[in-house]
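Down below is the structure, laid out as structure tokens.
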Protein chains: 2
Amino acid sequence: MCLTRKSRLTDIRKQVLKTVWSSHTPIGAYDILSRLNARGGKAAPMAVYRALDFLMENGLVHRIASLNAFVGCAHPGEHHAGQFLICRDCGNVAELDNADVKRALAKAVTARGFTIDSEVIEISGRCPHCREHTP
Amino acid sequence: MCLTRKSRLTDIRKQVLKTVWSSHTPIGAYDILSRLNARGGKAAPMAVYRALDFLMENGLVHRIASLNAFVGCAHPGEHHAGQFLICRDCGNVAELDNADVKRALAKAVTARGFTIDSEVIEISGRCPHCREHTP
DNA sequence: TCAGGAATGTTATGTTATAACATTTCACTC
DNA sequence: GAGTGAAATGTTATAACATAACATTCCTGA
Ligand SMILES: [Zn+2]
Ligand SMILES: [Zn+2]
Ligand SMILES: [Zn+2]
Ligand SMILES: [Zn+2]
């Protein structure tokens, strides 16, 4: 765990992180909650949302706004934005961090006089595997 | 109204479209509902969501996924995607349709073997006006 | 050991969105 | 101009997502 940067990976945060990763597709906060409580727990939604906030701040999890769901970060490190490719058939998500996209976007945004605080880039489509198997 | 393409701009759809445009910032479905019912109406959420679905299909309104809210389309026409710049201070939204961004994104996506069905590109930041007035 | 902040617990409520089925409206045909 | 079928709307209920507010516990460092 890269949490030698003074952030505390407490038990519930670890459980939520595990649960997010145990799903191969984006998972909703209440689904996370159910899985935690499935083995006898009695956590409340707040606990999950707080853990998710922590994990997002620490670059371990991303929120997929278009799905109201969460995925583990493919390249954990500092807090960062990425581009997400979501397969509409199997639900799998690929995380990109493409320099050309960021550059083109930054140029277009600054041309309008805006500054960037955060980005949401989510593409819905079909992954190679699903394209091959269901024409 | 460009609805000579056989889609019916009925009364409730027109009211919802007007309400979306009457707000200078993205507006939530339930806020739209309140404004409709403010003058005595008694519509239900479904009516608003159905009207919004119609307006989005017809390229008159966009959904801002990161805000769970809706804005009028700046360049109405066919159904299309855009890039949205959202000012975190004043809430105003600028709609872009930048060719370089689309090109870079399409390239990065196809390089991964994905196809694109729909895009969500939403940048949160500060607009020129707010940058000037609050340093 | 004893603060003081960070983390969690607890309860309640707010907000956003859809399911399922009934009824009405409207364009089109006969 | 009555019949008909699809599109649109009405209605009721509920699912799904998220936060407010305040109490309590836990950890760290003086
Ligand atoms: Zn990441
Ligand atoms: Zn797939
Ligand atoms: Zn548009
Ligand atoms: Zn602004």
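Just so we're on the same page: letters track the sequence lines, and every chain starts at 1. Computed from a predicted structure; not experimentally measured.
- When each of A:Tyr30 and A:Ala51 is assigned the nucleotide of DNA chain C bearing its nearest heavy atom, the one mapping closer to the 5' terminus is A:Ala51.
- Within the structure, every pair that satisfies the side-chain hydrogen bond (donor to acceptor under 3.5 Å, both in side chains) test and touches residues 35-53 of chain B, not counting sequence neighbours, is listed here: B:Ser22-B:Arg35.
- One atom, CG of A:Leu52, and another, P of C:dT8, lie 12 Å apart when rounded to the nearest Å.
- As judged by a 4.0 angstrom heavy-atom cut-off over every strand, B:Arg13 is placed among residues touching the sugar-phosphate backbone only.
- A donor atom on one side chain and an acceptor atom on the other are not found under 3.5 Å apart for B:Arg103 and B:Asn98.
- Nucleotide C:dT25 holds its C1' atom 14 Å from the CD1 atom of B:Ile12, rounded to whole Å.
- Side-chain contact between A:Leu96 and A:Leu85: present, with at least one pair of heavy atoms (C-beta onward) separated by less than 4.5 Å.
- With rounding to whole Å, A:Met46 atom CE is found 12 Å from C:dT11 atom C1'.
- On the nucleic acid side, DNA chain D contacts chain A at distances under 4.0 Å to non-hydrogen atoms, with the end points of that region at D:dC17 to D:dC27.
- Nearest-nucleotide positions on DNA chain C place B:Asn68 closer to the 5' end than the other of B:Asn68 and B:Arg50.
- When the nearest nucleotides of DNA chain D are assigned to A:Phe70 and B:Ala47 by heavy-atom distance, the more 5′-ward of the two goes with B:Ala47.
- One interatomic measurement links the two molecules: CG of A:Asp53 to C1' of C:dA6, which rounds to 15 Å at whole-angstrom precision.
- In this structure, B:Thr10 and B:Pro45 both approach DNA chain D, and ranking their closest nucleotides by distance from the 5' end singles out B:Thr10.
- Checked against a 6.0 Å centroid threshold, the rings of B:His80 and B:His75 do not count as neighbours.
- Here the side chain of B:Gln83 pairs no donor or acceptor atom with the backbone of B:Ile121 at under 3.5 angstrom.
- Remark: side-chain polar atoms of A:Ser34 are paired, donor with acceptor, to backbone N or O of A:Tyr30 under 3.5 angstrom.
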